[in-house]
Amino acid sequence: MSEIGKITKIVEKRLSPLRFRHSLGVADKARRLAERFGIDEEKAYLAGIVHDYAKGIAGSELLNIAKENGLIDDEVYREVPDLLHAPVGAFLIEKELGIDDKEILSAVRKHTLGDLDMGLFDKIIFLADMVEPGRDFPGIERLRCLVERNLDEAMLFALESTLRYCMDTGRIIHPQTVKVRNHFLKILK
Ligand SMILES: [Fe+2]
Ligand SMILES: [Fe+2]
């Protein structure tokens, strides 16, 4: 079995069937976007497969892993520990799967909140996660179009959709999402 085949099997065992299907969708979309924007397609596929590696871990356990290993642990993370599945996921795929590629680790770390420093690879994984075929939210068709044309415009749209969703459903907003949204707004002006 290929390396990617082995990793896919491991991920399948860790995630719920629904979450695993989502990961396959993200991987596939990431590969297609990588082809479109001229970056390593297989690497993008692999990043999609592993991006939610820590998603099945309970919030208390995510907090423990984050604390023990000096990962980001601010007040909002304590309120919404599920957000930690991104940095904890990056930590675990390096430790448990031996993935040491800097771009994959960065993209997994930044896939929920985004970051002020996002390269092409980071944006492709972030956006593939938002638009894979299983996703459905108001504005998704517009986002799917933007993703094909302009990744920065798509990032702005995606972050604003996330902020709107958090407000509409009474969820806590991580200030990082606001910062990153303002960052993309500025660079598009
Ligand atoms: Fe995720
Ligand atoms: Fe995801």
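Note that the coordinates shown come from a computational prediction; the quantities given were computed from them, not determined experimentally. Heads up: numbering here begins at 1 and tracks the sequence. Start at 1 and go down the list; that is how both ligands and their atoms are numbered.
- For the pair E148 and K29, the salt-bridge criterion is met [side-chain N within less than 4.0 Å of a carboxylate O].
- For the atom pair CG of L46 and CD1 of I93, the computed distance is 7.5 Å after rounding to the nearest 0.5 Å.
- One of the N, O or S atoms belonging to D129 lies under 2.8 Å away from the Fe ion (ligand 2).
- Here H111 fails the criterion, with no N, O or S atom under 2.8 Å of the Fe ion (ligand 2).
- R32 has no carboxylate O lying under 4.0 Å from a charged side-chain N of E35, or vice versa, which leaves the two without a salt bridge.
- Rounded to 10 degrees, the NE2-metal-OD1 angle spanning H85 and D52 at the Fe ion (ligand 1) equals 90°.
- Classification of the H174-Y77 ring pair by plane angle, with boundaries at 30° and 60°, yields tilted.
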